[in-house]
Number of protein chains: 2
Amino acid sequence: MSKGVNLKELSQRLNLSQTTVSRALNGYPEVSAETRKRVAEMADKLGYAPNSQARRLATGRSMAIGHVIPRSIHEMMNPIFLEFIAGAGETYSQHGYDMIISVVEDDREEDAYRQIASRKKADGVIIHGPAQDEHRHLLLKELNLPFVVHGRIPGAEKETSWIDMNNRRAFERATNLLLDLGHTRIALLNGLENMDFARRRRRGFEDALSARNLTPDAALVRSADMTEPYGCDSAMEMLNSDNPPTAFLVSSMISAIGVARAIGQCGLKTGKDVSIITHDDALSFLPNSGEVPIFTCTRSSVRYAGEKAADLLLNMIATPGAKPTSLHLDAELILGQSTGPAPTR
Amino acid sequence: MSKGVNLKELSQRLNLSQTTVSRALNGYPEVSAETRKRVAEMADKLGYAPNSQARRLATGRSMAIGHVIPRSIHEMMNPIFLEFIAGAGETYSQHGYDMIISVVEDDREEDAYRQIASRKKADGVIIHGPAQDEHRHLLLKELNLPFVVHGRIPGAEKETSWIDMNNRRAFERATNLLLDLGHTRIALLNGLENMDFARRRRRGFEDALSARNLTPDAALVRSADMTEPYGCDSAMEMLNSDNPPTAFLVSSMISAIGVARAIGQCGLKTGKDVSIITHDDALSFLPNSGEVPIFTCTRSSVRYAGEKAADLLLNMIATPGAKPTSLHLDAELILGQSTGPAPTR
DNA sequence: CCGGGCATCCAAACCGCTTTGGATTTCGCC
DNA sequence: GGCGAAATCCAAAGCGGTTTGGATGCCCGG
C-alpha cells in the first residue's frame, strides 16, 4: 500500500513471470487458484496498481470517454451540462473508464475531435447539444470514433445512437394542460431555436394550439439563452403589453424563476393571475419537489440521461459492429403551485 | 490527413530515424532546419499525431490534471464547480493538458486519489471545497501528488498552494454597507458551515456587527446548501416572525433569488422594504449585470479563479521543488437595485 | 510404458514514443 | 593538411504493461 511497485518487481517477489502475474490479476483462466490467490495477496501487500498509460498502450484502448465543450457561453456554462456529466461520470467510473473534458475555443471544436481520434485520447465521445445544422456526427463517423448524441440530430435519427427526452410531447401536454385550464393567450419562452430540442418543444406547443384551432401569437414567442433575466425581462414586457398572456410555458426552471419574479413585480400572483409551466431538468441545486412543487412542470432527469448515455456508449465500444440504438425518455407532467384556471375578466 | 500513421512509418517514408523525426517534431535543436521542415511537411501530409498513451508512458508524465468529485449532492451539483472547471479547463488545453474528472461515491474519495497517484493517471489534482476538518491535503502529500486548493485549508495556509477570495472581507464590507444604510436587523443565509468559505463569511459578518457593538441574532442566521427554496423558505419564516429582519445577506445568487421571491410573496418590495446583498460568483447563466444590477452583491469570478488555480498547479508541476504559492482575490462590492435605506417604522 | 491432453507457467515480442550514447560528417582554424 | 568542435543523425534501450507461442510437468487411457 505505498511505494508503487511495477509488474516486474511484483513478479520477481513472487518468483513468477510477468505473464502469469498479469493473467492472475486480470482473471484469465490459465492460472491455478492457489497462484492467483498468492498473487493477489502480494499485489495488495505491495500496493501494486498497473500503470494506466502502459496498459492503455498495450491494449490499444484508452479507457476514457471524451466530452468536448466549446468555450462559448452557450454550452459550458449550462448547469444542465453539469448534471449530465455527473450522471455519465458515475457510469464511467463504475466501468473503469475515465472522463476527459476538453474546453476549447469554438472554432477549434473539430480540431479537438480529430485530436482525440488521432492521438487515441478517448475510445468514444458524447455529442452535446445537437443543433439544427449539425455536422459533428459526420466528422466522427469519418474518424471512426464511437459516439452517442445527447439529443437528436435531425435527419440522422436512424443512423446514430442517441438518448433524448420527448420534447415535443412534453410541451404538447403542457400546452394542453394550460388550454384545459382555459388559457388561450399562452406565451412560449423557448431556448435558442437553433438547438434541436428547442425546435421540438416549439413544435409541441404549436401542435397543441392548432389542434384546437388556435395559432400562436408571434408577440408571445421568444427564444434565447435560458437565463434568469431573460425570463424576467420577457415576461415583464409581455405582461405590460396591451394584450398580455395569462400563462407562460418556459423552457427552463431558471428562466421560470425570472418569470415568477416579473409576475411578482407586476403585483400579480403566480398560479392565480398568471400561470407558469416550466420544463424541469431535475437539477440538484434547483429542487422543485415537495408535496406540491412550486412550479407545475414537465420533468425529466438529465442526470439519468447522462447515466444512460454513458451506458449506451460503453456498449457500443464493447460491441463494435452493433447497430445504433437509442433511448427515448418521456417527461412527467407534474402539477405544482404555478398553474390555475385562466382568470375571467 | 487521415489514416493515422505512427512514428515508425513516418520515419520510414522520410528515410530518417525515429529519433530524428521525434526530435524534429518536438523542437529539439540537434536537427537541421531543412530536415525539420521536411519532417513537418510529411507529418501533416500523412496526418501524423503522436499516440498520447505512448508518449505519456515514455515521458512518465500523464499530461492530465485530476478533479475528484464526490457524488454527494453537496458538491457536484454545484454550478459553481462547473464554472470553476470551465476556467481551469481552458488553461489546461492551452498547455496541452487534459482534464480528467472522477465522480465517485463519497466513501471512495480517498481511493480515487490513491488510484490517480499509483496508476499515474494525473500529474496533479485540485482540491475542491475544503471543509473544516480537511484531510485530503495530508493524503496528497503522502502520495506526493502536486495539488492546489480552491479555497483554504484552515491551519495549512502556509504549507499548501491555494487560491481563494477574501470571504471574510467581502462579507464584512457587505455588512457594513447594510449597517451604513441603517439596517440593524440583518439576516445571514450562509452556505454549509462545515465548509471553510462559509465560516469565513460568517466571521466577516460578525466582525462588522461587533465593530458597531451589535450581536447577531441567532434566529436570523442560517446555514445550508445554497438552493433556491432554502432562500425562499428561510426568508419567509423570518419575515413572518415577530421581529423580522430588514436586510438579508445571502451566500449565493440562487438563494438570493429565493429570498426575493419570498419578499414578493409577502407583498413587500426588494430594495425598498427589505434589502438583499448576495455574493455573486459571476456564473454565466445567472448574469447580474446591466447598468444597475438586480442584486447588490460582492462579486468574484469563480471562472477566473479556475484559470488561476490551473496556472498555479501547472507551475508547481513544472518546477517541482518550488515553495507553495497562493492567490488571494478580493471581491468587488457592487451596488444594485436590491438595497436601500432601512425603512423607518 | 508410452503418447496425447490438460493445466500451468514462461520467454520474448510488441504497443508507439522518448532518450541515451554514440557514429559520422562538416567546418573552422592554426 | 590535420585536428578538435559542432552539427546531424541513428541504433537501441527503455517506459510498463499485454499477449503470442511455446515449454514443462502431470494424469490417464490404451
Side-chain angles (χ1 to χ4, degrees), chain A residues 3-40 42-43 46-64 96 98 115-123, chain B residues 3-40 42-43 46-64 96 98 115-123:
Chain A
K3 303 296 156 49
V5 277
N6 57 19
L7 186 58
K8 191 165 154 197
E9 300 174 61
L10 176 58
S11 61
Q12 283 167 353
R13 284 285 297 260
L14 285 161
N15 278 324
L16 285 173
S17 75
Q18 296 190 30
T19 309
T20 304
V21 175
S22 170
R23 290 191 156 148
L25 293 173
N26 291 320
Y28 283 72
E30 53 269 272
V31 54
S32 72
E34 190 205 3
T35 306
R36 189 187 303 279
K37 184 162 163 257
R38 212 161 60 87
V39 170
M42 184 63 83
L46 269 50
Y48 168 76
N51 177 304
S52 14
Q53 329 299 348
R55 189 208 282 261
R56 294 181 215 266
L57 176 57
T59 59
R61 296 183 311 151
S62 71
M63 295 301 286
D98 284 342
Q115 286 221 359
I116 289 179
S118 61
R119 321 179 91 113
K120 304 275 163 51
K121 284 193 169 188
D123 297 327
Chain B
K3 299 299 156 46
V5 277
N6 57 21
L7 186 58
K8 193 166 154 195
E9 302 175 59
L10 176 58
S11 61
Q12 282 168 353
R13 284 285 296 261
L14 286 160
N15 280 323
L16 285 174
S17 74
Q18 296 190 31
T19 308
T20 305
V21 176
S22 169
R23 289 190 159 150
L25 293 174
N26 291 320
Y28 282 71
E30 52 269 271
V31 54
S32 73
E34 189 204 4
T35 304
R36 190 188 302 281
K37 183 162 164 256
R38 213 160 60 86
V39 170
M42 183 64 83
L46 268 49
Y48 169 78
N51 177 304
S52 11
Q53 328 300 345
R55 185 206 285 261
R56 294 179 214 269
L57 176 57
T59 58
R61 296 183 312 151
S62 70
M63 295 302 285
D98 285 340
Q115 285 220 1
I116 288 177
S118 61
R119 322 179 90 113
K120 306 273 163 53
K121 285 191 168 190
D123 298 327

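Naming: A, B, ... by sequence-line order, numbering from 1 per chain.
Computed from coordinates, the B:Gln53 CD to D:dT18 C1' distance equals 14 Å when rounded to whole Å. Rounded to whole Å, the distance from CD on B:Glu9 to P on C:dG16 is 9 Å. The separation between A:Lys8 atom NZ and D:dT18 atom P is 16 Å, rounded to whole Å. In this entry the distance linking CD of A:Gln12 with C1' of C:dA11 reads 14 Å, nearest Å. One interatomic measurement links the two molecules: CZ of A:Arg61 to P of D:dG17, which rounds to 17 Å at whole-angstrom precision. To the nearest angstrom, P of C:dT8 lies 17 Å from CG of A:Leu14. Distance, A:Leu57 CG to D:dC15 C1': 9 Å, rounded to whole Å. When rounded to the nearest whole Å, the span between CZ of B:Arg119 and P of D:dG17 equals 10 Å.
Within 6.0 Å of CZ in A:Arg36 there are more than 12 heavy atoms belonging to other residues, nucleotides or ligands. The local environment of CZ in B:Arg13 is sparse, with at most 12 non-hydrogen atoms from other residues, nucleotides or ligands closer than 6.0 Å. At most 12 heavy atoms of other shown residues, nucleotides or ligands fall within 6.0 angstrom of atom NZ in A:Lys120.
Within residues 29-40 of chain B, no residue is approached by DNA chain C to less than 4.0 Å at the level of any non-hydrogen atom.
For A:Asn51 and B:Ser17, each mapped to the nucleotide of DNA chain D holding its nearest heavy atom, the one lying further toward the 5' end belongs to B:Ser17.
Inter-residue side-chain proximity for B:Val5 and B:Met42 is flagged as unmet; no heavy-atom pair is nearer than 4.5 Å.
A distance-only check finds a donor-acceptor pair linking the side chain of B:Thr59 to the backbone of B:Arg55 [under 3.5 Å]. The backbone N or O of A:Asp123 sits less than 3.5 Å from a side-chain atom of A:Ser62, completing a donor-acceptor pair.
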Sugar-phosphate atoms are those with a prime plus P, OP1 and OP2; base atoms are the rest. Using that split, label each nucleotide of nucleotides 18-28 of chain C B, S or - for protein heavy atoms under 4.0 Å, 5' to 3'.
BBBB-------
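Annotation: the span from B:Leu14 atom CG to B:Thr20 atom OG1 amounts to 10.0 Å, rounded to 0.5 Å. Note that CZ of A:Arg56 and CG of A:Asn51 are 9.0 Å apart. Values are rounded to the nearest 0.5 Å.
Here the shortest heavy-atom pairing between A:Arg119 and B:Ala49 reads CG-CB, 3.9 Å.
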